[in-house]
Amino acid sequence: RYNPSNELQSQIFLRKSMDGINWEPIQAITDTGGMYWQPQVAVDSDGYIHVLYFSYLHYETFYKYYDGVSWSEPQSIFTVYTQDARILIDKNDVIHLIWGQWLTSGRVYHRTITNGIWSEAEAVSDTTIRSGGIEAVLDEDNNIHTVFRATLNPQHNYDIYYRKKNNEVWLPIERINQDTLYSNTPTLTIINGEPIVVWDQAEIDSIQNINK
């Protein structure tokens, strides 16, 4: 909506249902004074709700959680210019945050929250992030799989890269498309322990996929 000064504003809301028919009252997660979007949500084993959302006014992604009684104060997940953040919660209730940095020299980063304690951010990629397009999932063994769209230099087209964290060790990055066409945001899923990545190319009228 627009405020009296004709400035565009948006909020993030939450609504819950136990049966998909009867709904609890709407809860506002953010205030009315900003431009918020890209909400991501995950629920831990205690039923606590964990949310990430992007603030256009700050070019920053914030995290907060709901413990069944009240919302925590929002916390920035990193320095400014974060984008396309994803939140995962593993079987041990460790919260995983994965995001890109909205800079020509940015990277993909990962950090965890364990019992309220934040780890340091670690770089997942060694490629320059020129645009968004990050997805991440956990497999049954708590291993992280992530794909992202990146380019090595401003003149290069966007390529799709894949990386896995196996038993707390990041394996080498793999480029999974074999052309130089402009690749759009990939999607990622795990079937029988194996990642499947699907994306489309902007210059061709087809869908390409790879089963690694």
Side-chain angles (χ1 to χ4, degrees), residues 38 40 42 52 54 61 63 77-114 117-204 206-212:
Q38 295 181 338
Q40 297 286 316
L52 293 180
F54 178 75
T61 301
Y63 160 83
I77 68 169
F78 198 53
T79 55
V80 294
Y81 299 108
T82 59
Q83 67 169 354
D84 284 342
R86 297 293 183 264
I87 183 169
L88 308 168
I89 300 180
D90 68 25
K91 295 178 180 178
N92 300 316
D93 277 341
V94 176
I95 301 165
H96 298 266
L97 310 177
I98 298 179
W99 69 94
Q101 194 173 26
W102 203 340
L103 296 169
T104 56
S105 60
R107 298 288 187 268
V108 175
Y109 291 92
H110 166 255
R111 71 187 308 184
T112 61
I113 309 173
T114 308
I117 300 174
W118 291 61
S119 70
E120 294 294 327
E122 59 176 348
V124 175
S125 72
D126 55 8
T127 50
T128 300
I129 304 305
R130 297 283 298 176
S131 180
I134 297 171
E135 290 296 343
V137 295
L138 287 163
D139 63 25
E140 294 184 353
D141 297 319
N142 274 352
N143 296 317
I144 300 172
H145 303 254
T146 184
V147 289
F148 51 90
R149 194 171 66 138
T151 183
L152 298 178
N153 60 66
Q155 287 74 43
H156 200 273
N157 291 304
Y158 296 111
D159 295 317
I160 304 298
Y161 293 85
Y162 163 84
R163 197 170 195 190
K164 177 182 179 181
K165 192 171 190 179
N166 188 62
N167 295 324
E168 302 302 318
V169 176
W170 286 104
L171 302 180
I173 296 175
E174 299 179 63
R175 177 185 169 190
I176 63 174
N177 60 341
Q178 302 302 319
D179 51 61
T180 58
L181 294 173
Y182 182 96
S183 300
N184 285 320
T185 300
T187 59
L188 171 66
T189 190
I190 304 295
I191 298 179
N192 296 325
E194 297 296 327
I196 293 179
V197 182
V198 179
W199 72 94
D200 71 274
Q201 306 284 174
E203 282 83 8
I204 58 176
S206 66
I207 300 295
Q208 299 192 35
N209 68 82
I210 185 168
N211 183 353
K212 297 186 66 64

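Computed from a predicted model, the values in this text were never measured in an experiment. What you see below is based on every heavy atom in this structure, not just the backbone, and it leaves out hydrogens, waters and symmetry mates.
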Ring pair (Phe, Tyr, Trp, His ring centres under 6.0 Å) against H96, all qualifying residues, sequence neighbours excluded
H110

Sorted by chain and number, sequence neighbours left out, side chain to side chain donor-acceptor pair (under 3.5 Å) with S119 holds for T112

Taking it one step at a time, do Y161 and V108 satisfy side-chain contact (heavy atoms from CB on, under 4.5 Å)?
CA-CA 11 Å; Y161 293 85; V108 175; over 6 Å; no

Give a yes or no on this: more than 12 heavy atoms of other residues, nucleotides or ligands lie within 6.0 Å of atom CG of N192.
no

Evaluate ring-ring contact (aromatic ring centres under 6.0 Å, His included) for W118 paired with Y63, printing each intermediate quantity in order.
CA-CA 12 Å; W118 291 61; Y63 160 83; 5.6 Å; yes

Would you say that I160 contacts R149 through its side chain, given a criterion of any heavy-atom pair below 4.5 Å between the two side chains?
yes

The criterion is side chain to side chain donor-acceptor pair (under 3.5 Å); which residues satisfy it with D93, sequence neighbours excluded?
S45

Please determine whether side-chain contact (heavy atoms from CB on, under 4.5 Å) holds for the pair F148 and S125, giving the CA-CA distance in whole Å, both sets of side-chain angles, and the decisive distance to 0.1 Å.
CA-CA 9 Å; F148 51 90; S125 72; 3.6 Å; yes

So, using side chain to side chain contact (heavy atoms under 4.5 Å, CB included) as the criterion, who are the partners of N167 when residues are at least two apart?
N143

Sequence neighbours excluded, which residues qualify as ring pair (Phe, Tyr, Trp, His ring centres under 6.0 Å) partners of Y81?
Y59

Derivation of the side-chain contact (heavy atoms from CB on, under 4.5 Å) call for T79 and Q101
CA-CA 9 Å; T79 55; Q101 194 173 26; 3.6 Å; yes

Got a sec, which residues hit side chain to side chain donor-acceptor pair (under 3.5 Å) with T146, two or more places apart in sequence or on another chain?
none

Residue set satisfying side chain to side chain donor-acceptor pair (under 3.5 Å) with R163, at least two apart, ordered chain then number -> none

Is it true that a side-chain atom of T61 and a backbone atom of I77 form a donor plus acceptor pair closer than 3.5 Å?
no

I190: partners by side chain to side chain contact (heavy atoms under 4.5 Å, CB included), with sequence neighbours left out:
V137, D139, H145, P195

Taking only residues two or more places apart in sequence, or in another chain, which ones meet I117 in a side chain to side chain contact (heavy atoms under 4.5 Å, CB included)?
none

